[in-house]
**Student:** 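This structure is in structure tokens; I'll ask about it shortly.
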Amino acid sequence: MLKVLLAFTLATGTAAVLRDGRLHGNIAPLLTVPKVTPPATPVTSRNGTTLPSYDTVYMFDQLIDHNNPSLGTFKQRFWHTYEYYEPGGPIIFFTPGEVAADGYQGYLTNLTINGLIAQQQNGSTIVLEHRFFGLSYPKDDLTVESLSVLNIQQAIDDVEYFAKSVKLPMPGGDQVTPDTSPWIMIGGSYSGALTSWTMVTKPGLFWAGYASSATVECIEWFWQYFEPIRQFMPQNCSADVQAVIKHIDDTFTSGNATMIDEIKNLFGLGNVTHLDDVAGALRYNLFDWQALQPSSGPGLFDTFCDKLEVHNGVSAPEYGWGVDIALNAWGSYWTDTYYEILCGDDNAEDCLGTYNSSDPYWTNTAKGNDYRAWTWIVCNEIGLVQEGAPEGTPSIVTRLLKPSYDERQCTYWFPEIYPDGPRPPKTNATNSKTQGWDVAIDRLFFANGKRDPWRDATVSSDFHMRQSTSSQPIAVSDGFHCSDLLTNNNVDSSVDAVQKQGLAAMKTWLAQWTPSNSTS
Ligand SMILES: *[C@@H]1O[C@H](CO)[C@@H](O)[C@H](O)[C@H]1NC(C)=O
Ligand SMILES: *[C@@H]1O[C@H](CO)[C@@H](O)[C@H](O)[C@H]1NC(C)=O
Ligand SMILES: *[C@@H]1O[C@H](CO)[C@@H](O)[C@H](O)[C@H]1NC(C)=O
Ligand SMILES: *[C@@H]1O[C@H](CO)[C@@H](O)[C@H](O)[C@H]1NC(C)=O
Ligand SMILES: *[C@@H]1O[C@H](CO)[C@@H](O)[C@H](O)[C@H]1NC(C)=O
Ligand SMILES: *[C@@H]1O[C@H](CO)[C@@H](O)[C@H](O)[C@H]1NC(C)=O
Ligand SMILES: *[C@@H]1O[C@H](CO)[C@@H](O)[C@H](O)[C@H]1NC(C)=O
Ligand SMILES: *[C@@H]1O[C@H](CO)[C@@H](O)[C@H](O)[C@H]1NC(C)=O
């Protein structure tokens, strides 16, 4: 079964990608950074010594609970290389965030901005797995009791404890703590936000930071997720999607059962009981936008717009074909191919329904159910659930979806913490602790993409303007989510320019570093 929801995940890909790669069913986009596989060639240091391969796993003894160190430690996985390192160089730290870190070892290498900075500055690179993901579990399961040590503060404290205590597996690796070497934190999406939040709450720990598509502001009703998509998708497709969604919303709120069933059947969703589940399922076509990258060319999102807008080789004008043609084309796409991509041969209610609170899906507390760990953070501290826009604002997503849709599901996942029913995540508390959008910290480089659906939760939001400064630059490319982290996206010259600007900032800032500048 696939549950539609709580999709604050990072930048991984399309519905199909998540379906293949991750938990059964969850296909909503995560706030994750794209995977990067490192080259298989042997790793050599600057002086020609052969080094351990990029996929060598190291273990760090991390505190289970930073509020109670007497509870002991757990094994937190990390990866490391010193192929470009020279004594005195920076230590470049990265976590992929809310996913197993397998497949992210490319972030040690110059296939990413991390490696480019290391190469330029003689640095060494680290990838640390986030607590409660992959194999880095402080507890044996994901019960509410175990999850009490999963929150943003514990994640930040992990980063600090790691930086101050790790003995890196390289010559002199026990003498590179932040008081003697400049540390740089890099992250994208949630881990980009974590970069900003760590630098704000632990001043002096990192000398510099690079935060890509960093969703620094936690927002309860994040309808703006769909704004960059609405604005930058083909305009005929945008017009038709808005028209179809308006028609569906009007029909679904009309009470006319005949017309309602007609629409459900058009999408093959006659079996789905709740109308918000039916209309909400159409979001998946828009979530496919998040998989787009300059380097990868057209994706499933483009297929969707082509199905709606190109008929017999003729493309609709800017204002689209109109609701009748677009509705039927969208329905055919679902019944011909898209439903199967999304749900395989599952029954539609099992796949897309979200109302059966006794389904064991919600209460699978087994280790490895990483999506549950992420949902815990979303329900408690982050929000950023992706719904329809408020009345009076154009919407490409049904207005039947409001935060209450996801907040209801939080009570199925974690009934123990909702004795009085659904309540919003504590986004205001998170933002006041981290400064959210209003972050002001020296030597933090923000990189964003105009077409990133998460942009409105970053410092490049259209809803909260921030100025770029020399100590806290904000560089914006035409790219998508976390595009500037990957060097192959420099096929887009605006992404290339952002990467060059980031490299130049690091060069300037590292030249200013002295051990005495750092507060250890
Ligand atoms: C070469 O580099 C390795 C790793 O940094 C170091 O252990 C070794 O001493 C170096 N050898 C020379 C000759 O500099
Ligand atoms: C990236 O690093 C590899 C060694 O791992 C090197 O051969 C290659 O030239 C570097 N690429 C760039 C663009 O500097
Ligand atoms: C990197 O190391 C090389 C060789 O020791 C040195 O010439 C160069 O100046 C170093 N670069 C930086 C940015 O420290
Ligand atoms: C429902 O809509 C259909 C088609 O527009 C119409 O023929 C029918 O009269 C409507 N039924 C009600 C109860 O309004
Ligand atoms: C119409 O949609 C097609 C398919 O997505 C796209 O290629 C084309 O550029 C669009 N044309 C206009 C005028 O929006
Ligand atoms: C709807 O439910 C019926 C009965 O369970 C089943 O035979 C049919 O395949 C279902 N249709 C879809 C589209 O899931
Ligand atoms: C809800 O899920 C339970 C457990 O899988 C199942 O037995 C029950 O039939 C489902 N109820 C509905 C209404 O689908
Ligand atoms: C959070 O802050 C916003 C803006 O200051 C305010 O409108 C909202 O009521 C607050 N929410 C809660 C739950 O306190």
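In each ligand, atom 1 is the first atom listed, and ligand 1 is the first ligand listed. Atoms considered below: every heavy atom in the structure, side chains included; atoms not considered: hydrogens, waters and symmetry mates.
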**Student:** Considering the heavy atoms of Q120, write down every atom of ligand 3 situated less than 4.0 Å from one of them.
**Tutor:** 13 (C)
**Student:** Could you list which atoms of ligand 2 come closer than 4.0 Å to a heavy atom of Q119?
**Tutor:** 10 (C), 12 (C), 14 (O)
**Student:** Where's the contact between N256 and ligand 4, heavy-atom distance under 4.0 Å: side chain, backbone, both or neither?
**Tutor:** side chain
**Student:** Of Y58, F206, F93, which is the lone residue that meets ring-ring contact (aromatic ring centres under 6.0 Å, His included) with F162?
**Tutor:** F93
**Student:** So which protein heavy atom does atom 6 (C) of ligand 3 come closest to, and at what separation?
**Tutor:** N122 ND2, 4.1 Å
**Student:** Is atom 13 (C) of ligand 2 close to the protein, meaning a heavy atom under 4.0 Å from it?
**Tutor:** no
**Student:** Give me the residue, atom name and distance of the protein heavy atom closest to atom 5 (O) of ligand 4.
**Tutor:** M259 SD, 3.5 Å
**Student:** Please identify which atoms of ligand 2 are closer than 4.0 Å to at least one heavy atom of Y84.
**Tutor:** 1 (C), 2 (O), 3 (C), 4 (C), 5 (O)
**Student:** In plain terms, say whether D478 and R451 are close enough for a salt bridge, that is, a side-chain N and a carboxylate O under 4.0 Å apart.
**Tutor:** no
**Student:** Students often mix this up, so state it plainly: with edges at 30° and 60°, are the rings of Y107 and F94 parallel, tilted or perpendicular?
**Tutor:** parallel
**Student:** At less than 4.0 angstrom from any non-hydrogen atom of Q121, what atoms of ligand 3 do you find?
**Tutor:** 13 (C)
**Student:** Y405 vs Y355 aromatic rings, parallel, tilted or perpendicular, using cut-offs 30° and 60°?
**Tutor:** perpendicular
**Student:** Is there a donor-acceptor pair closer than 3.5 Å between any side-chain N or O of T201 and the backbone N or O of W197?
**Tutor:** yes
**Student:** For Q235 and Y319, run side-chain hydrogen bond (donor to acceptor under 3.5 Å, both in side chains): C-alpha distance rounded to whole Å, both residues' side-chain angles, the deciding distance at 0.1 Å, then the answer.
**Tutor:** CA-CA 7 Å; Q235 285 310 292; Y319 48 85; over 6 Å; no
**Student:** Checking salt bridge (charged side-chain N to carboxylate O under 4.0 Å, His left out) for the pair K402/D276: CA distance, chi angles, key distance, verdict?
**Tutor:** CA-CA 10 Å; K402 301 233 172 6; D276 50 5; over 6 Å; no
**Student:** Within the structure, does at least one protein heavy atom fall under 4.0 Å of atom 10 (C) of ligand 4?
**Tutor:** yes
**Student:** Parallel, tilted or perpendicular, judged at 30° and 60°: which one describes the rings of H80 and Y82?
**Tutor:** parallel
**Student:** I need the nearest protein heavy-atom contact for atom 4 (C) of ligand 2: residue, atom name and distance, please.
**Tutor:** E83 OE1, 3.6 Å
**Student:** Mark up the atoms of ligand 2 that fall under 4.0 Å of a heavy atom belonging to N110, in ascending order.
**Tutor:** 1 (C), 2 (O), 3 (C), 8 (C), 10 (C), 11 (N), 12 (C), 14 (O)
